[in-house]
Protein chains: 2
Amino acid sequence: MIFGEIGGYHRFVSRPYSPDVNDRISDHLADLVAALPDGRVLTDPDVVDSYARDRTFVAPGKALAVILARSRDDVVTTLRWASAQRVPVVPRGAGTGLAGGATSVDGCLVLSLAGMTRIRELSPDDEIAVVEPGVITADLDRAAREHGLMYAPDPSSHEISTIGGNLATNAGGLRCVKYGVTRDSALGLEVVLADGRVLDTGRRTMKGVTGYDLTGLFVGSEGTLGVITAATVRLHRVPGQVATVAAEFTSLRDAASAVSAIIAAGCRPSLLELMDRTTLEAIDSWKNIGLEPATRAMLIAQAEGPAQEIAALCSAASFVAEASTSEEAAELIGVRRLAYDAKERLGQCLVEDVCVPRSALPDMISAIEDAASRHGVTIATVAHAGDGNLHPVFIFERGLAEPPAEVWAAADEVFRTALDLGGTLTGEHGVGVLKRRWLGLEIGPVATEIHQGIKQVFDPLNILNPGKAI
Amino acid sequence: MIFGEIGGYHRFVSRPYSPDVNDRISDHLADLVAALPDGRVLTDPDVVDSYARDRTFVAPGKALAVILARSRDDVVTTLRWASAQRVPVVPRGAGTGLAGGATSVDGCLVLSLAGMTRIRELSPDDEIAVVEPGVITADLDRAAREHGLMYAPDPSSHEISTIGGNLATNAGGLRCVKYGVTRDSALGLEVVLADGRVLDTGRRTMKGVTGYDLTGLFVGSEGTLGVITAATVRLHRVPGQVATVAAEFTSLRDAASAVSAIIAAGCRPSLLELMDRTTLEAIDSWKNIGLEPATRAMLIAQAEGPAQEIAALCSAASFVAEASTSEEAAELIGVRRLAYDAKERLGQCLVEDVCVPRSALPDMISAIEDAASRHGVTIATVAHAGDGNLHPVFIFERGLAEPPAEVWAAADEVFRTALDLGGTLTGEHGVGVLKRRWLGLEIGPVATEIHQGIKQVFDPLNILNPGKAI
C-alpha cells in the first residue's frame, strides 16, 4: 500500500537548505528588506510561524520570513530576490486550503497576497471584474450584487478565503453545479513569473483563442507556476426567483437516487447538496436542527422554477421542506454551510474531496460507508451531489500529529475506489501535499513527465512552492 | 505597417526540406506504408493536393503524403515514423478552418482524422460522450438529442466540421453565449504526442483539479502540441420552451444597443446574433428574404422565457418577428446560418473574427464601417453579439491569389482597434497562419517566450503543424 511506504508528511516537505546556506541567505535578506517599502517583511519567529500552515495538519517547514505584498511591484521585487538567492517562495492567501498547498517549506519566503485587496474594476456592462488576489471571495460577490450581478464560485470558505487562493486551487463550491468552478470564471490573469517578469494572460472578452490557454494553466496550479497578482473574472446575472427545498431520507442511496432524478428531469439546479447522518448529527449537536432519529441523509436543492417540481422528484423522502421566503432559503442553505465547522468540533479532520461521474454517486457513497466500517473510522460525508463531488471527512483524535494508520488505510481505499469508478482524487481542493502520493495513480507516467516539463518552463530553479501539487 | 513588411502568405509556410532530403524521406515512406494497415497512405499528387487547403486562400506547401487514420494506433504509428524521420505533420479534420491552420506545409504528412468517426460512448446519466475526432459536430448533437441532451458548441460549420477541428481551434458558435465555447465542453482528451506516446488528460467527472489543466492547453492549440484521438465532452439538457425573435433596425448602433439592453435585463439568451445590411443583402439576393430598403441590421435572439420580453427590449426596432412555432424559429435562425455561404457568392472572403468586451460592440461596429469606407473595401459583418464576437468578412475579387493591399490595410485597422478596445484578434477561429503576424501585438514578448517553451515540452523537434498558431 502506498501510504505505508511513505510515512509522515514531513518527508514531503522540501528541505533544500543546510544551516550554512540559511545563514548566507539571512545576510542577503537585508537587501530584500531594503528593496521593499517599509513594513513588508516579517521575521519574528513566532509571527512567521503563524503563517506556516493552512487548514490541514501538514507539518510545516521553518520559513525565513513572511512578505506582506501590497502591490504587484512588491511581488516582482520579492521574486527577483528569491530567484537570485535560490530561495523557495510559498505564495499564500488566507490559509484556508485543505490540501497543504500553502504550508511553509524550510528556508522559504512566505509570500502573503492577503494585503492585495483592491477590486480594480467592476464593469456591470461587460459583466467582469478585475480583482487583486487578496480580495475575500464573498466580498467580491457582495460588490457584484450591488449591480444585480454575482461572483459565482462559492467554496464553503467563501467568507474567509481569497480569490487568489481560489484561483490557485481552482476552487469549486455549492453553486458550481450550474456556474462551473473558478477556472470557468477566470478570463485573464496578471502573473509574476519566478524570475520577476510580468505575464498577462487571457483577455477581458467572453471568448478568445489567441495563443495557448495560459489562464487555464495557472488556475489550479497551486502557486507552482507563478504568482497571480490580478485576475479578470466573469460575473453572472443574479437569477430571478429560485426555489429552495430540503428533503430528508431514511437511506443515503435514496437521496443519491433523488439527485439523479432531479438532474434527469432537467431542473438544472444551481445548488444540490447532500449530507449524511454523521454530518447532520455533528450539526445537530451544535445548533440543534431537530434531527429525526430515522433520517440518514438530507438533500438541499435550489433551482429556478417551482419548488413543488423538485419536491416531487424526492419521492422517497421522509420529509420535505420548501422555503417560502428568501430568509427560509438562506436558513436551509445555512445548515449546509455549517457542516465543516460542525465536524471540526468532533475532532481533527482529514477533509477529502473525491469526484466521480454522477451516476457513480451511490456506489461511491456505499464504498465510503464500507471503508468506514471496515477500518473502524468515523467518516462524515457531504457532497456537491449535482457534480458527483464528495467530501468524506475523516475525523480522528485531537492532538495527534497526523491521522492514524487506519484513517490512511480507509482514505487510500476511498481514493482507489474513486479512480476505479472513473473519478478523480480531488474535485476542488487541489493536490497540495496531501494527495501527492496518489497523484501518479491518476495521471500516469506520461502526464507526470509533461507536468515536469511545464514546471521547468515557468520555474526552472524550482523556487515556486516546491514539493506541492505535482 | 506590419502587413507591408511580410508580403505573401507563402512566406509563413515552413519549408525545412531540400529536394535531396525529400528523396531520402520518400524512400523511408515505404516503411510507414508497411507499418500501417492497407489503404491508409495516399501519395497520388492530385489526391494529396486535395487535402492541402482549409477554407482560406492560404497557399499550401507540397505535402509528401496523406495518412487516413482510422484508429489511435494509426496515429501512433504515423507520429513515431514522423519523429524518427523529422517529417512535419499537419493534422486535419474536415478542412473547414478559417485561419489556415490545416494548410499543408512543404514535405509534410497530412494526417487526416476525418475517418475516426466513432462515438465511443454516450452516457445520458453522466451527461457526457466520448467521441473520436472525425465525428461531425452536428452528428454528435443529433446523437445526444435522442436522449434529451445536446452538444452545445455549434460553429456555423457544424454540419460539416469535425469535433477534432473544433477542439483544435476551440470553436465557438451561436449557442456559446449561454453554453460557452468548445473548451467549456471538453472534460478530457486522449492525445498522441509528437513522439507517439499516448497521453490521457482530464477526466470524465464534472469537476477535477488533479494536476495542471492539460485538457485546456490542448484545446485551441491548433495541432501544435499533439494529435487528439478522442475527447470526453459534456452534454447539456435541451432547454424547454424557448422564444425566438428577429428584429430589424434602421441603424446598426440601435441594434447594438438592443444587445446591451437584452443582456442587462437578465434574459440570458442562448443565441444573440447580429447581421449588418451587407450581409442581409447577400442573403436576400440569394434566397429572397424580403429585405426592407431601410433595414440596416437584424438581430436574432433566442432565450427561455416569453418572446414579448425580448421584443420589448428591441424598442428601436423597425420590425419585430416572434416565432410562434419551432419551425418558424428554425427559419429565423436559418437566415443567420446562410450568412457565410451567401457572402462567398459575392467573391473571395477573408473571414475575420475579432472579439471585444460587449460594451465596446457599438464602437467596434463603427470602426469596421469606417475602415471599409476609408479603404474602399466591402466588409459584411455578422456578430455573435451576446459575446462581443464579430465576424467582419472582407470580400474581394475572385481569382486573386490573396487579398489586395487595401483589404489588408482595412483588416490591420480592424485588428488594432479591437485590441485598443480591450479585445482579441480571434474569438473562435484561431490564429492559424492568417493571424500570426499580429499575434505578438496581443500576447507580448513574455507570453511569446512562454509559448515557445511549452511548444518545446510537447514537440521538441517542431514537427507538429510547424509555422502555425504561435
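Labels below follow one simple rule: chain letters A, B, ... track the order of the sequence lines, proteins then strands, and each chain is numbered from 1.
- With chain B as the partner, the residue from A:Gly388, A:Ala264, A:Gly216, A:Ala447 showing the most heavy-atom pairs under 4.5 Å is A:Ala264.
- Listed options B:Glu428, B:Lys455, B:Arg203 were ranked by heavy-atom pairs under 4.5 angstrom with chain A; first place goes to B:Glu428.
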Side chain to side chain contact (heavy atoms under 4.5 Å, CB included) assessment of A:Arg197 paired with B:Glu449:
CA-CA 11 Å; A:Arg197 283 180 302 165; B:Glu449 206 174 297; 3.1 Å; yes
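- Contacts between A:Arg358 and chain B at a heavy-atom distance below 4.5 Å involve backbone atoms as well as side-chain atoms.
- No other option in A:Gly453, A:Pro239, A:Cys355 has as many heavy-atom pairs under 4.5 Å with chain B as A:Cys355.
- Using a 4.5 Å cut-off between heavy atoms, A:Asp126 touches chain B through backbone and side chain atoms alike.
- If you run side chain to side chain contact (heavy atoms under 4.5 Å, CB included) between B:Ile450 and each of A:Leu193, A:Leu225, A:Leu217, A:Val191, only A:Leu193 comes through.
- Neither the backbone nor the side chain of A:His147 comes within contact range of chain B, judged by heavy atoms closer than 4.5 Å.
- Contact annotation for A:Ile470: only side-chain heavy atoms (C-beta onward) come within less than 4.5 Å of a heavy atom of chain B.
- The CD atom of B:Glu304 sits 4.5 Å away from atom CZ of A:Arg268, with the distance rounded to the nearest 0.5 Å.
- The shortest heavy-atom contact between B:Ser359 and A:Asp125 is CB-CB, 3.8 Å.
- Here A:Ile454 is the residue among A:Ile454, A:Leu425, A:Ile443 with the most heavy-atom pairs under 4.5 Å with chain B.
- In terms of heavy-atom pairs under 4.5 Å with chain A, the best-connected choice from B:Gly266, B:Gly211, B:Ala360, B:Ser260 is B:Gly211.
- To the nearest 0.5 Å, atoms OG1 (A:Thr210) and CG (B:Leu441) are separated by 11.0 Å.
- Only the side chain of A:Glu442 comes within contact range of chain B, judged by heavy atoms closer than 4.5 Å.
- With a 4.5 angstrom heavy-atom cutoff, B:His429 touches chain A only via backbone atoms.
- Here the CG-CG distance, from B:Leu214 to A:Asp213, works out to 11.0 Å after rounding to the nearest 0.5 Å.
- Contact annotation for A:Arg204: both backbone and side-chain heavy atoms come within less than 4.5 Å of a heavy atom of chain B.
- Among A:Thr448, A:Val181, A:Ile263, the residue making the largest number of heavy-atom pairs under 4.5 Å with chain B is A:Ile263.
- For B:Asp184, the part lying near chain A is the side chain, with the backbone staying farther off; criterion is any non-hydrogen pair under 4.5 Å.
- Using a 4.5 Å cut-off between heavy atoms, A:Gln456 makes no contact with chain B at all.
- With chain B as the partner, the residue from A:Gly220, A:Ala171, A:Gly422 showing the most heavy-atom pairs under 4.5 Å is A:Gly422.
- Shortest non-hydrogen contact noted between B:His451 and A:Tyr212 is NE2-N, 2.7 Å.
- Tested against B:Lys207, the residues A:Asn389, A:Thr426, A:Asn170 include a single side chain to side chain donor-acceptor pair (under 3.5 Å) partner, A:Asn389.
- Using a 4.5 Å cut-off between heavy atoms, A:Val198 touches chain B through its backbone atoms (N, CA, C, O) alone.
- At a 4.5 Å heavy-atom cutoff, A:Thr201 makes no contact with chain B through either its backbone or its side chain.
- Chosen from A:Val209, A:Val446, A:Ile128, the residue pairing most often with chain B at heavy-atom distances under 4.5 Å is A:Val209.
- Heavy-atom pairs under 4.5 Å with chain A were tallied for B:His236, B:Glu127, B:His384, B:Gln452; the largest tally goes to B:Glu127.
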